[in-house]
Protein chains: 2
Amino acid sequence: MEPLQILECSPPLAREPLDAEQAAGVARVFKALGDPVRLRILSIVASHAGGEVCVCDINDAFELSQPTISHHLKVLKDVGLLTAERRASWVYYRLVPEALAELSGLLNTPVTV
Amino acid sequence: MEPLQILECSPPLAREPLDAEQAAGVARVFKALGDPVRLRILSIVASHAGGEVCVCDINDAFELSQPTISHHLKVLKDVGLLTAERRASWVYYRLVPEALAELSGLLNTPVTV
DNA sequence: AGCTGACATAGACTACTGTCGATATAGACA
DNA sequence: TGTCTATATCGACAGTAGTCTATGTCAGCT
């Protein structure tokens, strides 16, 4: 499934019940956020001045093996929360702000509650 | 951990990196959202006129066993997304809008990006 | 008290996930 | 070409999560 299309067709949770297909797509993204290491990686990338972070810097921030971090980065990339770009020997990850915004919109509760 | 305290002390992901403890708390909630059945249950409750839904109605909305639905409701309640109230023979679940709002705030990206 | 219906809990089973070490791949450079 | 560094992929293993059946608990009713 195309990463950014996972979210774009789902109304806010509080507007109407999600159908099974919408729920499956959205759940993929929330599941990616449902791990402490991935949340920390995402916040490192999201809060980093310049908007992008080298994998080597992320590795340094954790006491986990390099393959483990690589795995988590892949999960975040596969659901469309991050993008990766290789430049020379290094790979830089960057937030996809639209994805976060979509999720945030999904969680909005109507004013009339 | 107290359900509503899981979220209240965490800044937006894009402001500063989460520490391990914050990430663990927030991840619990996102993990609860990372299942299609739970997302659908949540959206059923959140979008229901009157704000509360009887368990029996939720059961009817799925082709899953009653204990499975009960399990998912417990997960959502344990992380503070739903509350339950028994009245006579029936149990009614209700959304905790503040929890959704907190999550939504966590995902907000600063204007300056 | 006993029965019935609504919901929760317990235990088992399968499938998935996070982690690791080992290995592959890609680029820079001598 | 060969080597070194950075990152990704593979395969294995332990722990976790979703589902089920069986059973327990609670409230209302006869």
Side-chain angles (χ1 to χ4, degrees), chain A residues 1 3 18 20-21 23-42 44-45 48 52-79 81-94, chain B residues 1 3 18 20-21 23-42 44-45 48 52-79 81-94:
Chain A
M1 190 184 305
L18 294 175
E21 192 179 354
V26 177
R28 275 188 70 215
V29 186
F30 279 127
K31 189 186 289 189
L33 294 175
D35 178 273
V37 173
R38 287 197 290 268
L39 271 182
R40 290 175 65 193
I41 292 176
L42 197 75
I44 288 173
V45 176
H48 196 268
E52 66 180 14
V53 178
C54 175
V55 172
C56 56
D57 291 328
I58 300 175
N59 283 326
D60 290 347
F62 294 89
E63 309 227 338
L64 290 169
S65 71
Q66 174 266 322
T68 295
I69 299 297
S70 187
H71 162 70
H72 287 306
L73 285 168
K74 178 174 167 52
V75 172
L76 290 169
K77 191 177 64 172
D78 285 349
V79 300
L81 288 167
L82 294 181
T83 57
E85 182 191 357
R86 170 157 224 145
R87 291 206 301 277
S89 288
W90 296 273
V91 176
Y92 296 87
Y93 278 79
R94 187 176 281 270
Chain B
M1 189 185 303
L18 294 175
E21 191 179 353
V26 177
R28 276 187 69 213
V29 185
F30 279 127
K31 189 185 290 189
L33 294 175
D35 179 273
V37 174
R38 286 196 291 268
L39 271 182
R40 291 175 65 195
I41 291 176
L42 198 74
I44 288 172
V45 176
H48 196 268
E52 65 181 13
V53 179
C54 175
V55 173
C56 56
D57 292 328
I58 300 175
N59 284 326
D60 290 347
F62 295 90
E63 309 227 338
L64 290 169
S65 71
Q66 173 266 319
T68 295
I69 299 297
S70 188
H71 163 70
H72 287 305
L73 285 168
K74 178 173 166 52
V75 171
L76 291 168
K77 191 177 65 171
D78 285 349
V79 300
L81 288 166
L82 294 181
T83 57
E85 182 191 358
R86 172 158 223 145
R87 291 207 301 276
S89 288
W90 296 274
V91 176
Y92 296 88
Y93 278 80
R94 187 177 280 272

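Just so it is clear: chains get the letters A, B, ... in the order the sequence lines come, proteins before strands, and each one is counted from 1.
- Among the atoms of the strands shown, only primed sugar atoms or phosphate atoms (P, OP1, OP2) are found under 4.0 Å from some heavy atom of B:R38.
- For A:Q66 against D:dA8, a side-chain N or O and a base N or O form a donor-acceptor pair under 3.5 Å.
- You'll find that the side chain of A:T68 is closest to C:dC20, out of C:dA8, C:dG18, C:dC20.
- For the atom pair B:E63 CD and B:I69 CD1, the distance stands at 10.5 Å (nearest 0.5 Å).
- Toward the 5' end of DNA chain C, the nearer of the two residues A:K31 and A:R86, judged by each one's closest nucleotide, is A:K31.
- Comparing C:dC7, D:dG28, C:dT19 against the side chain of B:S89 picks out D:dG28 as the nearest.
- Here the side chain of A:D35 is nearest to one of D:dA6, D:dG18, C:dG18, namely C:dG18.
- Atom NZ of B:K77 is separated from atom OH of B:Y93 by 4.5 Å, given to the nearest 0.5 angstrom.
- When each of C:dT17, D:dC10, D:dA22 is scored by its nearest atom to the side-chain atoms of B:P67, the top-ranked nucleotide is D:dA22.
- Taking the side chain of A:V91 as heavy atoms from C-beta on, and the options C:dA8, D:dT7, C:dC7, the nearest nucleotide is D:dT7.
- Screening B:L82, B:V91, B:L42 against B:L73 for a side-chain contact (heavy atoms from CB on, under 4.5 Å) leaves a single residue, B:L82.
- In this structure, A:I58 CD1 and A:Q66 CD are separated by 11.5 Å, a value rounded to the nearest 0.5 Å.
- Comparing C:dA8, C:dT19, D:dT7 against the side chain of A:H71 picks out C:dT19 as the nearest.
- As judged by a 4.0 angstrom heavy-atom cut-off over every strand, B:F62 is placed among residues making no nucleic acid contact.
- Across D:dG28, D:dC20, D:dT7, the shortest atom-to-atom separation from the side chain of B:A88 is found for D:dG28.
- Across all strands, A:H72 comes closer than 4.0 Å only to sugar-phosphate atoms, never to a base (heavy-atom distances).
- Of all nucleotides listed (C:dC7, C:dT19, C:dA28), C:dT19 comes nearest to the side chain of A:L64.
- Atom CZ of B:F62 is separated from atom NE2 of B:H72 by 8.5 Å, given to the nearest 0.5 angstrom.
- Within 4.0 Å (heavy atoms only), B:Y92 reaches no atom of the nucleic acid at all.
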